[in-house]
Amino acid sequence: MLVFATGGERIARAEQPPLTGGPAVSFALGGAGIAGLLMLHMAFGSGWTTVLLGAAAIPPTLATRWRSYPVLGWIAVGAAVAVLGRVAFDPTIVGAAFLSRTPVFNWLLPGYGVPALAFGFAAWQLARTTSGRPHLVMEAASALFTLLTIAMLVRHAMHGGVIDTGAVTLAEQAIYTLITLGASAILVAIDMRSPSSVLRYGSIAAGVVSAGLIAIQHFVVLNPLLTDESTGTIPVFNLLFLAYLLPAVAAGALALYVRDKRPRWYAAMLALIAALLAFAYATLSVRRLFKGEFIALWSGLGQLETYTYSALWLAIGVALLTAGVWLKSQVLRIASAVLIAVAVVKVFLFDMSELEGVLRALSFIGLGAVLIGIGLFYQRLLTRAARDKTENLQEQVDSRE
């Protein structure tokens, strides 16, 4: 390694013009980098090898303070690739048999955390010297390993200190979803202070991944309606709170935050996901109120429960309409219209046959009252919009005179 590095420096000084870091210099210094990585691989155990390979990204980026050779940034990228290969081969860092079961303070923390910090420092350093593609790659590597650090620690803690191929639970998935939404917000905040295409597209990718996880895992695969998983014995702070309400709040807050910072479709997607999660939380909470800890579909429906869903969906539809008007969000207004339409269909096709007596009457009375209220609300909005338009036209005429 030292021979290659010394040779590279001698070749660089003999170049014309000197110290430009041409192909010969890149070959020599690249050889030094490969030799250094191989030395770390052979000299230490699996845990220390992973940590030191991550830290190996720092020296070549520090060297860019004195030599602006393009190859130095790519040597750091090589270290990142080596670490990624090691964790792909053994995600437990030291082997499953030697990984401590102590939460957080085990080999996963330095095994993933140190490379994340080292890659972040390398990206920061390259941004101030050679920049270019290695800088973007190191930014992406730092973001990836930061997420992996948190995810692996969560997996370790929630599975009794064992990293295996066991099935993901809804609670665990909810934590991953919250982490990914939080990562998107953090990447947006950093991008606003230090613009970067990696941060921009990385933040969007994190949000899209979150939306996909919610659509597949929260609503279908791990939905307690379909799995009959226990929702917990505590009335409010239970599995539904963690898996639906908290992600709804997080997605909604992120949608508001990125509204003027990311494409409109992205903010609209997050707003829709937040609305669906809130709807799911409210509906499943009603189900839990009537059925208790286990809420599987096959446990049947009672008349009062059936009526409650109709009232709840109409109330949520009105709330979405109000929020859509207040926030000037077309997505929320459309979601409101769809939900109210679903409630109307349910009342006419389902409640009519399932409910009896007072509950049937209340269902139709409530539906009529809501529809009348929505009609009056829209009439007021249209009247206000027409008045504002007339006032604007009058102001334009007055200004011309």
Side-chain angles (χ1 to χ4, degrees), residues 5 8 21 25-26 29-30 32-34 36-37 40-41 48-88 91 93 108-153 179-210 254 257-258 261-262:
V25 176
S26 297
L29 295 181
I34 293 173
L37 295 178
L40 293 175
H41 176 73
W48 280 108
T49 298
T50 305
V51 172
L52 293 175
L53 283 175
I58 295 178
T61 56
L62 286 176
T64 59
R65 296 184 179 184
W66 299 279
R67 298 288 187 268
S68 58
Y69 304 151
V71 71
L72 293 173
W74 289 110
I75 294 174
V77 171
V81 172
V83 176
L84 189 60
R86 283 199 61 83
V87 299
I93 305 299
L108 296 175
L109 182 61
Y112 288 91
V114 171
L117 293 173
F119 299 157
F121 177 84
W124 175 83
Q125 181 60 59
L126 290 174
R128 283 151 180 77
T129 50
T130 58
S131 192
R133 291 183 179 179
H135 158 238
L136 299 178
V137 174
M138 297 312 294
E139 278 188 341
S142 177
L144 173 63
F145 270 84
T146 300
L147 286 177
L148 285 176
T149 302
I150 301 172
M152 293 301 291
L153 290 175
I179 291 170
T180 312
L181 289 170
S184 179
I186 292 171
L187 291 175
V188 172
I190 297 174
D191 181 52
M192 298 305 297
R193 299 183 62 180
S194 180
S196 165
S197 59
V198 168
L199 297 175
R200 177 177 177 81
Y201 293 114
S203 64
I204 294 176
V208 171
V209 168
S210 299
L254 182 58
Y257 181 60
V258 303
K261 304 177 181 68
R262 290 295 181 267

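The side chain to side chain donor-acceptor pair (under 3.5 Å) check on T50 picks up R86, with sequence neighbours excluded. Take T129 and apply the side chain to side chain donor-acceptor pair (under 3.5 Å) test, not counting sequence neighbours, and it matches T64. Every residue two or more places apart in sequence or in another chain that forms a side chain to side chain donor-acceptor pair (under 3.5 Å) with R65 is listed here: Q125. With sequence neighbours excluded, the residues forming a side chain to side chain donor-acceptor pair (under 3.5 Å) with E139 are H135, S196, listed by chain and number. Checked against side-chain contact (heavy atoms from CB on, under 4.5 Å), V77 has the following partners two or more places apart in sequence or in another chain: W74, V81, P134, V137, M138. In this view, I204 and V208, R262, P263, W265, Y266 satisfy the side-chain contact (heavy atoms from CB on, under 4.5 Å) rule, not counting sequence neighbours. Applying the side-chain contact (heavy atoms from CB on, under 4.5 Å) criterion to L40, with sequence neighbours excluded, gives F44, L52, L53, A56. Every residue meeting the ring pair (Phe, Tyr, Trp, His ring centres under 6.0 Å) condition with F145, not counting sequence neighbours, appears here in chain and number order: F119.
Rounding to the nearest 0.5 Å gives a distance of 11.0 Å between NZ of K261 and CG of D191.
Across all their heavy atoms, S142 and A116 have their closest contact at OG-O, 3.2 Å.
Sorted pairs that involve residues 112-138 and meet salt bridge (charged side-chain N to carboxylate O under 4.0 Å, His left out), not counting sequence neighbours, are lacking altogether. Here side chain to side chain donor-acceptor pair (under 3.5 Å) pairs that include residues 109-119, with residues two or more places apart or in two chains, number zero. Counting only residues at least two apart or in different chains, ring pair (Phe, Tyr, Trp, His ring centres under 6.0 Å) contacts with residues 183-207 are absent.
Remark: side-chain polar atoms of S203 are paired, donor with acceptor, to backbone N or O of L199 under 3.5 angstrom.
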